[in-house]
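In what follows, chains are A, B, ... by sequence order, proteins preceding strands, each numbered from 1.
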2 protein chains.
Amino acid sequence: MKFEKENSAGYLVNHTARLFAAGLQERITPLGITIGQFPILLELWIKDGVTQRELLEKLALEQATLANTLNRMERDGLIVRKKHPADARSQQIWLTEKGQAPRDSAYQAASDQNEHSLAPLSDEEREQFLGLMRRIINAAHSG
Amino acid sequence: MKFEKENSAGYLVNHTARLFAAGLQERITPLGITIGQFPILLELWIKDGVTQRELLEKLALEQATLANTLNRMERDGLIVRKKHPADARSQQIWLTEKGQAPRDSAYQAASDQNEHSLAPLSDEEREQFLGLMRRIINAAHSG
DNA sequence: TGCACTTGAATAGCATGCTATGCAATGATA
DNA sequence: TATCATTGCATAGCATGCTATTCAAGTGCA
């Protein structure tokens, strides 16, 4: 039997993901944010003042991963947690000024990185690529 | 300005990679190996007795990442490091019986996971998917 | 030969992400 | 109302992967 990693979807997708991550990392480090914080910030830039649970519903992360990343974001001054008025177990998560500021630059950085990594693909191929991944993800979550 | 993560290649590829990783993890845990060890084992199953540097050339990893994972593999009894006869700085990395044993089951596990994750795609689409990723990776390494 | 440069590898320190566990607040129910 | 289950979250502990640093051993050259 044999197995070639270069023909393995799992290996290739892992490698590809690390390339994207490294590129984005480099672009957003100057903004004072990190790649793990990025998806969380994307949600908070749409709507903050939410609970961790509400945030979790929009993110493909485990609860513990989110809690840990929020800890680092609070440490870094990007967010604050405030008492929830109706439920003492939970807190509302608010962006600070420092968390709000990098929004547009971060959007731009992510767009630039996507453009850079996808440079070898035509527009049609880029759409194919996104579509294939969406189908893989949907299938994983349903079956 | 706005930015939707579900339309971002970087976000989707990260999510997809985590799905593959989680699935493979589950399949190979019973074999006593982990997903980080997997690519290294693939190379050692082809040829062991090599130096860390030779191994590194075949893997898309940083030197420190490889050294750390090899440490855990040694701790877990999958490999042994033996003195290199000609260069005291380096060592030869050999698979133990425990490192050799899971080979065929591991190949099968990875194939099964690929098959499972790619289930929603036709054969042609799977080839497209692999081809697109190879082009992204190649472009990243050359430009 | 002696000294500087390079190479091979280990380590420190960190972020990301996971599972498992703990715990307090809330809710439901007898 | 007292009890038990559920919920929301934090923490411990780990693997993976990165950058930066260190260090010993080898190499090259004056």
Side-chain angles (χ1 to χ4, degrees), chain A residues 10-11 13-29 32-41 50-57 59-76 78-79 81-93, chain B residues 10-11 13-29 32-41 50-57 59-76 78-79 81-93:
Chain A
Y11 180 80
V13 79
N14 172 275
H15 190 172
T16 308
R18 283 187 289 120
L19 290 173
F20 272 87
L24 183 60
Q25 176 88 273
E26 195 170 345
R27 290 174 199 269
I28 64 176
T29 293
I33 63 178
T34 66
I35 57 168
Q37 297 167 356
F38 201 98
I40 299 172
L41 285 168
V50 296
T51 65
Q52 194 186 112
R53 188 182 189 306
E54 290 168 315
L55 209 44
L56 189 60
E57 279 167 11
L59 292 164
L61 290 174
E62 294 303 314
Q63 176 267 325
T65 300
L66 177 56
N68 280 326
T69 304
L70 289 172
N71 282 345
R72 288 190 296 273
M73 291 170 76
E74 191 169 33
R75 178 203 62 191
D76 296 348
L78 299 173
I79 59 164
R81 284 154 156 150
K82 293 186 181 169
K83 278 190 209 305
H84 190 285
D87 190 337
R89 290 170 303 178
S90 70
Q91 292 174 292
Q92 294 173 321
I93 298 159
Chain B
Y11 180 81
V13 77
N14 172 275
H15 191 170
T16 307
R18 284 188 287 120
L19 290 172
F20 272 87
L24 182 60
Q25 177 89 275
E26 195 170 345
R27 289 174 198 269
I28 64 177
T29 293
I33 63 179
T34 66
I35 55 168
Q37 298 166 356
F38 201 98
I40 299 172
L41 285 168
V50 296
T51 65
Q52 194 187 110
R53 186 181 191 308
E54 290 169 315
L55 209 43
L56 189 59
E57 280 167 11
L59 293 165
L61 290 173
E62 294 304 313
Q63 176 266 326
T65 301
L66 177 56
N68 279 328
T69 305
L70 288 172
N71 283 345
R72 288 191 295 273
M73 291 171 75
E74 191 169 32
R75 178 203 63 192
D76 296 348
L78 300 173
I79 59 164
R81 282 154 156 150
K82 294 187 180 168
K83 278 191 208 308
H84 190 286
D87 190 336
R89 290 170 304 178
S90 69
Q91 291 173 293
Q92 293 173 321
I93 299 159

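Atom C1' of nucleotide D:dG8 and atom CG of A:Leu55 are separated by 13 Å, given to the nearest angstrom. Regarding B:Glu54, its CD atom lies at a distance of 14 Å from the C1' atom of C:dA9, rounded to whole Å. Atom-to-atom, CG of A:Leu24 to C1' of C:dT16 comes out at 14 Å; the value is rounded to the nearest Å. If you measure from atom NE2 of A:His15 to atom C1' of D:dC18, you get 14 Å, rounded to the nearest angstrom. Per the geometry, CG belonging to B:Leu61 stands 14 Å off C1' belonging to D:dT19, to the nearest Å. The CD-P distance, from B:Glu57 to C:dT7, rounds to 12 Å in whole Å. The nearest whole Å value for the distance from the CD atom in B:Glu74 to the P atom in C:dA9 is 13 Å. Distance CD1 (B:Ile35) to P (C:dG17): 12 Å, rounded to an integer number of Å.
Among the atoms of the strands shown, base atoms are found under 4.0 Å from some heavy atom of A:Ala64. At the heavy-atom level, B:Gln37 lies under 4.0 Å from the strands shown only through sugar-phosphate atoms. If you check every strand for non-hydrogen atoms under 4.0 Å, B:Leu66 touches nothing. Residue-level contact check: B:Gln52 touches the backbone only, with heavy atoms under 4.0 Å from sugar-phosphate atoms and none from bases. Within the nucleic acid shown, B:Asp87 comes within 4.0 Å of sugar-phosphate atoms alone, with no base atom in reach, counting heavy atoms only. B:Leu56 comes within 4.0 angstrom of no nucleic acid atom, judged by non-hydrogen atoms across all strands. Backbone-only engagement by A:Asn71 is indicated by non-hydrogen atom pairs under 4.0 Å involving sugar-phosphate atoms exclusively. In this structure, A:Arg18 reaches the sugar-phosphate backbone alone: every heavy-atom distance under 4.0 Å involves primed, P, OP1 or OP2 atoms, never a base.
Judged by distance alone, the side chain of B:Glu74 and the main-chain N or O of B:Asn71 form no donor-acceptor pair under 3.5 Å. A donor-acceptor contact shorter than 3.5 Å is absent between the side chain of B:Asn14 and the backbone of B:Gly10. A:Arg18 places a side-chain N or O within donor-acceptor distance of the main-chain N or O of B:Ala60, the cut-off being under 3.5 Å. A donor-acceptor distance shorter than 3.5 angstrom exists from the side chain of A:Asp87 to the backbone of A:Arg89, with no hydrogens or angles considered. Judged purely by atom type and a 3.5 angstrom limit, A:Thr69 uses its side chain to pair as donor or acceptor with the backbone of A:Thr65.
Comparing atom distances between the A:Ser90 side chain and each of D:dC18, D:dA12, D:dG8 picks out D:dG8 as nearest. Here the nucleotide nearest the side chain of A:Arg53, chosen from C:dG13, D:dT16, D:dT7, is D:dT7. For B:Asn14, the side-chain atoms get nearest to C:dG17 when compared with the rest of D:dA10, D:dA15, C:dG17. Taking every side-chain heavy atom of A:Arg81 into account, D:dA10 is the closest of C:dA10, D:dA10, C:dT16. In the set C:dC18, D:dC9, C:dT16, the nucleotide with an atom closest to the side chain of A:Glu62 is C:dC18. Here the side chain of B:Arg89 is nearest to one of C:dT16, C:dG8, D:dT11, namely C:dG8.
Residues A:Ala88 and B:Ala67 each lie close to DNA chain C; by heavy-atom proximity, the contact nearer the 5' end of the strand is made by B:Ala67. For the pair B:Thr69 and B:Gln63, both in contact range of DNA chain D, the more 5′-proximal nearest nucleotide belongs to B:Thr69.
Applying the 6.0 Å contact sphere to CD of A:Glu54 captures more than 12 heavy atoms from other residues, nucleotides or ligands.
Using a 4.5 Å cut-off on side-chain heavy atoms (C-beta onward), A:Gln63 and A:Gln52 make contact.
Contact annotation: A:Thr65 reaches the phosphate of C:dC18 (side-chain N/O to OP1 or OP2, under 4.0 Å). For the OP1/OP2 pair of D:dA10 and a distance below 4.0 Å, the side-chain nitrogens and oxygens of A:Gln91 include at least one atom meeting the criterion. Residue B:Thr34 places none of its side-chain N or O atoms closer than 4.0 Å to OP1 or OP2 of D:dA15.
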